[in-house]
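The chains referred to below are lettered A, B, ... by the order of the sequence lines, with proteins before strands, and numbering in each begins at 1.
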Number of protein chains: 2
Amino acid sequence: MDTREKILGTATRLFSTQGFANTSLSQVAKEAQVSKALIFWHFENKEKLFRTALQRTLEPYFINVVDDLEGLSEVDQIKRLIDQYYAFVSENLYSVKFVVSLLLRDEKHPDDLIGHVNELHRVYRNLLADILDSGRQKGVFRAKMDPRMDAALIMTALHGILVQGFMGDAAPESSEPLLQHLKASLVDTLIR
Amino acid sequence: MDTREKILGTATRLFSTQGFANTSLSQVAKEAQVSKALIFWHFENKEKLFRTALQRTLEPYFINVVDDLEGLSEVDQIKRLIDQYYAFVSENLYSVKFVVSLLLRDEKHPDDLIGHVNELHRVYRNLLADILDSGRQKGVFRAKMDPRMDAALIMTALHGILVQGFMGDAAPESSEPLLQHLKASLVDTLIR
DNA sequence: GTCTATAGCCCGATAGAC
DNA sequence: GTCTATCGGGCTATAGAC
């Protein structure tokens, strides 16, 4: 593997599990099995290395989620989106933890991290709201529902599952049925 | 004010806003207006200071929530608990952020932090489940509901509001109506 | 109990040989 | 591109005067 890649991979892993301040370049160098000075050759300083690692971390966040929805009913589209959100979080738990922990810190938020995350949240919520509204107009969902609020509520519940995943290492076994219950409760109660 | 108190208060504030590694004892000493050595006289080392500060941070987490519920109907008890959870998080946002960020780190979790948080979560969820079950037996709620799962779902949604609070500084204005919608959707749909 | 002074370590970053 | 060696500085922690 490329040396730069080796450094970047190690740094991404260490930053995302230990945070920026807790991770020394000496540790990165040791675990990547290169000299410390080499890090400065490839990345100007610790800050630049961090930004590059963060960018790498955020890459999979651009997921094309819409393609999967064609041909499904509104109800199934919603359920599919919920499943996809959950699957994404499960598969990227480390980096998700990383991003959330960045949001929690006073630490200078690198560039537009917050904007990036908010944008992702907004897109997802709007997609849900559009589907809900479409279903409402077709008479699948209750007429007096509020698509935007119900979309926000679904997002909220999904974020909640996220938190549960942080807390209990007991999560893996307990959050799967919770997800099923969430889909049943939130979606099915919207059906007229 | 007592010097020890002054150090502890300053440390609690700085640790909770900047994290452990990002907060130097020099900074604590400066902001508490004492000499650095004095910190070591009162607290053996940085770790001990941190543990003491964390304990202080967790103190308000023992809230007596039950007394407020007497005389209320099951539906109103649930809604009251939801409001209390939300109010608590709003009033203790900094320390809540602190605790969550600790949960996110690989860092040695100080003592039984996770156990402590899980316990709090468990107590709260069981309380919700008991109330739901009581209401179900009285015929207030649907007979075929699952009190434990529905309690877990409510907890999940509340945790989700937490995350929203982290993300958007736009939270204060947008999470209040979301809370109302949450109560309406989750609780009222349980009513038979 | 509170201070100043300082030891000793590890950090980020640089210089320079190969 | 990769290394060793090293600098200056901030850190935790200690020593010792008052």
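Here the C1' atom of nucleotide C:dG12 and the CD atom of A:Q27 are 15 Å apart, to the nearest Å. The CG-P distance, from A:L49 to C:dC11, rounds to 15 Å in whole Å. Atom pair A:F40:CZ and D:dC7:P shows a separation of 17 Å (rounding to whole Å applied). Atom CH2 in B:W41 sits about 16 Å away from atom C1' in D:dA17, given to the nearest Å. Taking atom CD on A:Q33 and atom C1' on D:dC3, their separation rounds to 15 Å, with Å as the unit. Between the NZ atom of B:K46 and the P atom of D:dG10 there is a distance of 15 Å, rounded to whole Å. A straight line from CG of B:N22 to C1' of C:dC11 spans 14 Å, rounded to a whole angstrom. One atom, CD of A:E47, and another, C1' of C:dA13, lie 15 Å apart when rounded to the nearest Å.
If you check C:dA13, D:dA13, D:dC3 against the side chain of B:N45, the one that comes closest is D:dA13. When distances run from any side-chain atom of B:K36 to the nucleotides C:dT2, D:dA13, D:dC3, the shortest one goes to D:dA13. In the set C:dT14, D:dT2, C:dC11, C:dT14 carries the atom at the smallest distance from any side-chain atom of A:A37.
Checking the phosphate oxygens (OP1, OP2) of C:dT2, a side-chain nitrogen or oxygen of B:T3 falls inside 4.0 Å. Close to D:dC11, at under 4.0 Å from its OP1 or OP2, lies a side-chain N or O of B:S24. In this structure, B:S35 does not reach the C:dT4 phosphate: none of its side-chain N or O atoms is under 4.0 Å from OP1 or OP2.
The aromatic rings of A:H159 and A:H121 lie parallel to each other, their planes meeting at an angle below 30°, with 60° marking the opposite boundary.
Nucleic acid contact for B:L38: base, since at least one base atom lies under 4.0 Å from a heavy atom of the residue.
Of the N and O atoms on the side chains of A:T23 and A:Q18, at least one donor lies less than 3.5 Å from an acceptor on the other residue.
With contacts defined as side-chain heavy-atom distances shorter than 4.5 Å, the pair B:I78/B:I82 qualifies.
The backbone N or O of A:D130 sits nowhere less than 3.5 Å from a side-chain atom of A:S134 that would complete a donor-acceptor pair.
Here B:Q55 pairs with nothing under the side chain to side chain contact (heavy atoms under 4.5 Å, CB included) rule; sequence neighbours left out.
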